[in-house]
Every structure is written in C-alpha cells, then in structure tokens.
Protein chains: 2
Amino acid sequence: MDRAAEDLTARARIRDAAITLFGERGIEGASIRDIAAEAGVSSGLVRHHFGSKEALRDACDRYAKERMIQIGAELTQDGDLTGLDPLALHPIAFPLQLYLVRSMMDGSETATALFLEGVDAVEAWAAGYGITPKDPRGYAAALAAIKLSVLILRDQVSKALGEDITTPAGYNRIGQALMEVFTIPLLTPEQVEKIRKQEK
Amino acid sequence: MDRAAEDLTARARIRDAAITLFGERGIEGASIRDIAAEAGVSSGLVRHHFGSKEALRDACDRYAKERMIQIGAELTQDGDLTGLDPLALHPIAFPLQLYLVRSMMDGSETATALFLEGVDAVEAWAAGYGITPKDPRGYAAALAAIKLSVLILRDQVSKALGEDITTPAGYNRIGQALMEVFTIPLLTPEQVEKIRKQEK
DNA sequence: GGCTTGACTACACGATCGTGTAGTAGTTTG
DNA sequence: CAAACTACTACACGATCGTGTAGTCAAGCC
C-alpha cells in the first residue's frame, strides 16, 4: 500500500488492490487474503464490503469500465487536453487496462461487452473513414484484438525489446511500433490474392 | 478421451490431455486430477510418469515447441505441400498453439524463448524484405504479438464475429482479416508524424 | 520358481482457497 | 442513555489442490 492510498477509504483501497492484483496475476491467481494484505485490511473486511470474490470482481469490472469510458470521453471531447497530460494519465489508466483485459480473458461479461463495443466503434470508424475491407467485421475485430495484444504479452514484448513496456516510455515505444505496422503495407493486394487461393 | 486416443500409450494420452486442458484453462486452472480424468487414468499415474505438475508442464512445453518447429519446417522446406493439407493440419497445430501461448503467458521460459525466436525471425525477414521501420525491433515484436492476439482473445473475437474462430473455417476468416490489416495502410506517414509530436 | 522392474491405483497428508460465524469498537439515532 | 448500525477482526468450516506413501499386478530375467 503506497502513500496516496492511505487517504482512501478501506473500501476503495480494497477495490484498487483487487484491480492491481487481479490484473497482474489473473482472477484465480490473486486470493482474497492477498488482496486484503495489499490493501492493509483483514480478509473478512473484503467479504464485509463486497460479499464474495465474484461480487468483488463485478464491482471492479464496473468501476474499471466506467473509469476507462470516462477517461476516453475526456480525451476525445475537446482537442486541447489541458489538465490531461498523457504521461500523468498512464499510472491511472494502465492498471485499469491491464485489469480489464485480464478479467475479459477470465470470462467477464462486462469486460467482454466493452470489447464488443470497441469492435463496433472501430467498424464504424473504418466505414466513415473510407476504409473498405472485404470483411469489415473481421477487420474491426482483428484491429481491436491487436490493440490489446501488447498489453497481454507485455512480459514477452518487454523481454524482446530489452525495455519494460509498462513504463510510460516503453509503452510509448511499442505504441509507435504498432502505428508503423498500420502504416507500412506488408503485403500487396496481389500477394494476398495468391495466398488466398493457396489456402482454398 | 476420443477414439484415436485409445491407441496411444497412457503417457502420451496424459501429455495430450495436459496440453489440451492447460491450453483451454491455463496452468493453474487445470488440476492434475482433471488431466488424469481426461486421459482416462488415475491421478497417481500422472505423477508416476512426470514427477510433478511443473515437470509435466516442462514436458508439454518441450513437446509442443518441438512439434510446432517440426510442422513449420515441413511447411516451408518445399513449395509443394502434398500430404500437408492445411485443413488437416489445423486439428493438430491449433491445440499446440493454444497451449504454447497460454504457457507463455503463465511464465514458461521455453515458450517465451520460442516467442523471442519468432521476433528474431520476423526482424530478419523484414530487413531482408526491404521493410525499414524506424524501430525494427519494436516493429518485429509488435508483429509477433499481433500474430498471437486473435489466439489469446479467441472467445471475444468469436463473439464479435458470431463465428467460432477455433474451427478451420473461422480461423481462416480471421487470418484473412489480419492480412487485410497488413495490406491497407491505416495511417499516412504524415498522420503518424502528427501524433508523434502530439505525444511528446 | 523366485525376483526385479515398471505401469498403475487407492488413500492419506498438509497447505490454501472461498466462505461462514461470532464478536468488538465506535458512531449514529431515537 | 440505550438501541441500532457500521466498520472491522479473529477464527473455524469444508472443499480442492499438489504431493507423498503403500500396495497390486503383469511381464521379463536369472
């Protein structure tokens, strides 16, 4: 438990600790006792405030989703991002993203719904942007999954880069590498057609 | 335990069952008793053959990695793929891939090493192909992670598509959607430069 | 025939998990 | 002032986990 957490209520500390530990180790990998220790309370208090592990997870799901939508809205509503420094945002948004991805992989309905909403948004954006893939839905789903891939494989990607991508600097680096993937055409349409026939 | 498995030795059945269940549920999510039941043997026999859960996992890591390298070699060594029907290959290679990715995410050294080798291969391929990103290593790491993303998020992607991508047909569909991502430039270099400055 | 060896099972162990229960201290409310 | 409520802790419960131990059974070897 760090300094800033001391001012929070016990309930908020438990929720934040749960988001951190669930995100790092997965839902099964983090026990209620671990979370209680991280929050500096007894394990019974976790149960007192949230009822059960599944209910705690639900609360984390809804909180993390709401916060991420809120952050996204603040980022897109006005061009000038005064007060919203991307560097200052990272320590807040990154754990939330880690948690949501992990919870989603462990079967969360709420987090999966957020993913599906993301696919819808990407599909609509691509259509309005004049991008016309042969499979618009598949294209959008692939893009949405790609956005999360470096988050999920952060340990492996960090090892490949020799740089921790959970830091703001490292995250920025892999983000720009991802943009290069979207910028440089890897295959010509002719090559795609050739592979497509080969697989038939 | 299906029909074809009946001919295998108990040791092979245990290993195959472990790869399947570990791949589906993760290492912690699949117990030795589950694996034994899936293989149709007692839990004691798992211990008899492999010693411990960690040793079983090691054996699965090495077997899956070796098999995947072997399959990859057979696919690339000669142009004519007679005898290696991609459709027939899917039921064999897909569970192996699922297992390796899952084991990697759960901290396997062997599987992570395979990922790093993949990044090396992508980087060398891109260089020989005349692709010159500003961050070649980051570019290769991003591409390698992307290749695995739809595998990891298979449940979510399947839900977004309304089609199970673990089937050969579904896997083919998302594979082609991924190719479209690599074919259609999403951003112009000018846009990339603009975003790059904005993030500074 | 006796003996070893390997495949295999049954069962018990300690640890850890989520959960349930009982109780304390402090504050609020009538 | 007493009752009620809230935040919080300590402790015990059954289940499940990986692991350890003992023993059965069949095949191969002397």
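The basis for the numbers below is simple: all heavy atoms, side chains too, and nothing from hydrogens, waters or symmetry mates.
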Quiz item: Among pairs that include at least one residue of residues 106-162 of chain A, which meet ring pair (Phe, Tyr, Trp, His ring centres under 6.0 Å), considering only residues two or more places apart or in two chains?
Solution: A:W125-A:Y129

Self-check item: Option among B:I165, B:L151, B:I152 that satisfies the side-chain contact (heavy atoms from CB on, under 4.5 Å) test with B:V157
Solution: B:I165

Practice problem: Using atom NZ of A:K53 as one end and atom P of D:dT16 as the other, report the distance to the nearest whole Å. | Solution: 15 Å

Exercise. Would you kindly say whether A:S103 and A:D106 are connected by a side-chain donor-acceptor distance under 3.5 Å?
Key: no

Exercise. Quick one: do A:D164 and A:T167 satisfy side chain to side chain donor-acceptor pair (under 3.5 Å)? Show the steps, please.
Key: CA-CA 6 Å; A:D164 184 7; A:T167 66; 5.4 Å; no

Quiz item: Where the side chain of B:S31 is concerned, which of D:dG18, C:dT19, D:dA7 is the nearest nucleotide?
Solution: D:dG18

Quiz prompt | Close side-chain approach of B:I69 and B:K65, heavy atoms under 4.5 Å | solution = yes

Exercise. Nearest whole angstrom, please: distance from the C1' of C:dT19 to the CZ of A:F50.
Key: 17 Å

Quiz item: Can you tell if the side chain of B:M105 reaches within under 4.5 Å of the side chain of A:L153, non-hydrogen atoms only?
Solution: yes

Exercise. Mind calculating the distance between CG (A:L8) and P (D:dA7) to the nearest angstrom?
Key: 16 Å

Quiz item: Within the structure, does a side-chain N or O atom of A:H49 lie under 4.0 Å from either OP1 or OP2 of D:dT6?
Solution: no

Exercise. Take atom CG of B:L56 and atom P of D:dG18, then tell me their distance rounded to the nearest Å.
Key: 10 Å

Quiz prompt | Interatomic distance where CD belongs to B:E54 and P belongs to D:dT19 [whole Å] | solution = 9 Å

Quiz item: How close or far is atom P of D:dC17 from atom CD1 of B:I27, stated in whole angstroms?
Solution: 15 Å

Quiz prompt | Atom-pair distance (CD1 on A:I32; C1' on C:dT19), nearest Å | solution = 8 Å

All N/O pairs under 3.5 Å across the protein-nucleotides 9-12 of chain C interface:
residue	atom	partner	partner atom	Å
C:dT9	OP2	B:S42	N	2.9
C:dT9	OP2	B:S42	OG	2.6
C:dT9	O5'	B:S42	OG	3.4

Exercise. For A:E28 and C:dT16, give me the distance from atom CD to atom C1', rounded to whole Å.
Key: 13 Å

